[in-house]
Amino acid sequence: MQSERFPQPIFQDPELVRKGAYINGEWINSAPEYFEVTNPASGEVIAKLPEQPVSEVERAIDVAFNAFKTYKNTPPRDRAKWLRNMYNLMIENIDDLAKIIAWENGKAMSDAIGEIKYAASYFEWYAEEAPRLYGSTIQPSNPNNRVITLRQPVGVCGIICPWNFPSAMITRKAAAALAAGCTVVIKPDSSTPLSALALGYLAEKAGIPKGTLNIVLSHTRTPEFGLKLCESPKVKKITFTGSTNVGKILMKQSASTLKKLSLELGGNAPLIVFNDADLDQAVEQAIASKFRGLGQTCVCCNRLYVHSSIIDEFAQRMAAEVKKFSIGYGLDPKNTHGCLINDKAVAKVEHHKKDAIERGAKIVVDGGLLPDLGPNFYAPVILSHVPHDALVAKEETFGPMCPIFAFDTLEEVVELANDSEFGLASYVFSKNIDTVYTVAEALESGIVSANTGLFSDCSIPFGGVKESGFGREGSLYGIEDYTVIKTINIGCLPPRI
Ligand SMILES: NC(=O)c1ccc[n+]([C@@H]2O[C@H](COP(=O)([O-])OP(=O)(O)OC[C@H]3O[C@@H](n4cnc5c(N)ncnc54)[C@H](O)[C@@H]3O)[C@@H](O)[C@H]2O)c1
Ligand SMILES: O=CCCC(=O)O
């Protein structure tokens, strides 16, 4: 199960590596069939987990439904305590949890440690928000009536997550849901389920009541699991992070029960550099945005628009920076960047690279496959003067290709940036506040980041517009998505004295 080049991690607490689903506080390690989890760096099998039948999702939904009857009435201070315990436990086990991510996802340890801090911060944040769910009082037209509103937990939530942040995409949803008083059924990605299961193990230790947080497992039956979660009348909300295509399927499937939905979908983030930007800063931040997780984040800049007067210098400086990368096994802490998740991810980068070059893009750094390291290792590609009809202008690459397009005017670049069906994140670099503000207002995206390539934080509202989805995670707004407003009207009161 391990090789010398890709050694298995050594854990301080090996119990964190679970080998089963987690339903009603019990671990289900056996099933008629199993699926394999592989290390993307080596292709070696690192775990065999139960390929659960759909009946187990039904059971998990029933368990969460019953648990909701009592969990919804738990004092918010108790929920805050359990969430705070989760935060503390994640930080206590940060090295082990990060190793699990690097092992199953392939990202570098520095990124994995960053992810665990980020993932844990949602528990800390929502521990603080749990006691702060406020309603309102309203003056109705009828003077004999009084109206108050309550924010109540929506009910059982189905949580479906991708592989690129195997811990943080779960905690961003689960922490808010649990804080509001909802119970959850989590379906992690089958490439990276070990991080989710480690959270189940910590939830037990944190004292989160049985049946409140459940994790189901499947590789081949994922669409059936999704269908069951969407169609079950006992599930009141689906919260999904992943591609726009799958988001649309889940939305259609949820129509029969009119479920509340949060969809955090694909992006195609533009990053705009004006000629009055601080170039050192713009390069440093563009590198941080583009190559975080080797380009596999939904907010990585995918299209870089650089003013034509500085495009060549910018491209050369970007090239100098990527040459400093150390690409290799994620678990080796000396490496700054790991590998891509699988061969499909590699093929997509190759396809976008070939397409842009065939259409006339200039090669600045050729990059490409690194077969000596392993099948999914890929060195950064930098292309400049990319034509605006290249595929990458329309589609998310989700990998280490950095295409740089030239522009001349503010109006032109805003039009180019907005010419996309996606609208998750955008970036603007300029030292002129008028430019920054005008462009930030005009960009069609849920998040605009000015003069920095990294903005993710539990305190900010995270989410998109257009086909990047809807709903906001994190921040003061994130918990609202797991609640419904109830209006209580008290009528026929005697006249006021
Ligand atoms: N907006 C955000 O916050 C955000 C965050 C991370 C990733 N993403 C997006 O996710 C995509 C990359 O992730 P991916 O390739 O794994 O996306 P994906 O949509 O293929 O898969 C996401 C998850 O959905 C599951 N899934 C697939 N088909 C399903 C179905 N019919 N029913 C239920 N579940 C199903 C997958 O197994 C996976 O766990 C990119 O487009 C990226 O931009 C968005
Ligand atoms: O990949 C999407 C999530 C990235 C983030 O939360 O910063």
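All residue numbers refer to positions in the sequence shown, counting from 1. We count ligands from 1, going down the list as the structure has it; atoms in each ligand are counted the same way. In this text, all values refer to a predicted model and were calculated from it rather than measured experimentally.
The closest side-chain heavy-atom distance from K117 to I94 is below 4.5 Å. Side-chain contact between P193 and V37: present, with at least one pair of heavy atoms (C-beta onward) separated by less than 4.5 Å. The shortest side-chain heavy-atom distance between I113 and D95 falls under the 4.5 Å cut-off.
Polar contact check, F462 against ligand 1: no nitrogen or oxygen pair lies under 3.5 Å apart. Residue N164 has no nitrogen or oxygen atom sitting less than 3.5 Å from a nitrogen or oxygen atom of ligand 1, judged on distance alone. Residue S190 has no nitrogen or oxygen atom sitting less than 3.5 Å from a nitrogen or oxygen atom of ligand 1, judged on distance alone.
Close contacts between ligand 1 and T241 involve ligand atoms 2 (C), 3 (O), 4 (C), 5 (C), 6 (C), 7 (C), 8 (N), 22 (C), 44 (C) [criterion: under 4.0 Å to a heavy atom]. Near L250, meaning under 4.0 Å from one of its heavy atoms, ligand 1 places the atoms 32 (N), 33 (C). Atoms of ligand 1 lying under 4.0 Å from at least one heavy atom of F240, given by number and element, are 19 (O), 22 (C), 23 (C), 24 (O). Shown in contact with F398 at under 4.0 Å from a heavy atom are these atoms of ligand 1, numbered in order with element: 12 (C), 40 (C), 42 (C), 43 (O). Here is the list of ligand 1 atoms found below 4.0 Å of a heavy atom in E264: 1 (N), 2 (C), 3 (O), 4 (C), 44 (C). In summary, the atoms of ligand 1 found under 4.0 Å from a heavy atom of G226, numbered by their order in the structure, are 32 (N), 33 (C). Set against the non-hydrogen atoms of R172, the atoms of ligand 1 under 4.0 Å away are 3 (O). Near D189, meaning under 4.0 Å from any of its heavy atoms, are these atoms of ligand 1: 16 (O), 36 (C), 37 (O), 38 (C), 39 (O).
With a 4.0 Å heavy-atom cut-off, ligand 1 is reached by no atom of T244. Counting heavy atoms closer than 4.0 Å to ligand 1, residue E473 contributes nothing at all. The residue R221 has no part lying near ligand 1, judged by heavy-atom distances below 4.0 Å. Residue contacts with ligand 1, taken as heavy atom pairs separated by less than 4.0 Å, do not involve L227 at all. For S468, no heavy-atom contact with ligand 1 is shorter than 4.0 Å. Heavy atoms of L424 found under 4.0 angstrom from ligand 1 belong exclusively to the side chain. Here V246 has side-chain heavy atoms under 4.0 Å from ligand 1, and that is the only part of it that gets that close.
One finds a salt bridge joining K394 and D419 here, because a Lys/Arg side-chain nitrogen approaches an Asp/Glu carboxylate oxygen to under 4.0 Å. Salt bridge status for R472 with E480: absent, with no side-chain N to carboxylate O gap under 4.0 Å. With respect to R132 and E129, no salt bridge is recorded, no charged nitrogen being found less than 4.0 Å from a carboxylate O. Salt bridge present: R221 and E33 bring a charged side-chain N and a carboxylate O closer than 4.0 Å.
For atom 2 (C) of ligand 1, the nearest non-hydrogen atom from the set C298, G471, G463 belongs to C298.
Distances from atom 32 (N) of ligand 1 to the protein include at least one heavy-atom value under 4.0 Å.
At distances below 3.5 Å, at least one donor-acceptor pair connects side-chain atoms of N214 with backbone N or O atoms of N24. Side-chain N or O atoms of E51 include one that pairs as donor or acceptor with a backbone N or O of H219 at under 3.5 Å.
Atom NZ of K344 sits about 14.0 Å away from atom NE2 of H351, to the nearest 0.5 Å.
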Show the short N or O contacts, below 3.5 Å, that ligand 2 makes with protein N or O atoms; if there are none, say 'none'.
unit_1   : atom_1 : unit_2 : atom_2 : d
ligand 2 : 1 (O)  : N164   : ND2    : 3.0
ligand 2 : 1 (O)  : C298   : N      : 2.9
ligand 2 : 6 (O)  : Y118   : OH     : 2.7
ligand 2 : 6 (O)  : R172   : NH1    : 2.8
ligand 2 : 7 (O)  : R292   : NH1    : 2.9
ligand 2 : 7 (O)  : R292   : NH2    : 3.0
ligand 2 : 7 (O)  : S456   : OG     : 2.4

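Distances from ligand 1 to the non-hydrogen atoms of G464 include no value under 4.0 Å.
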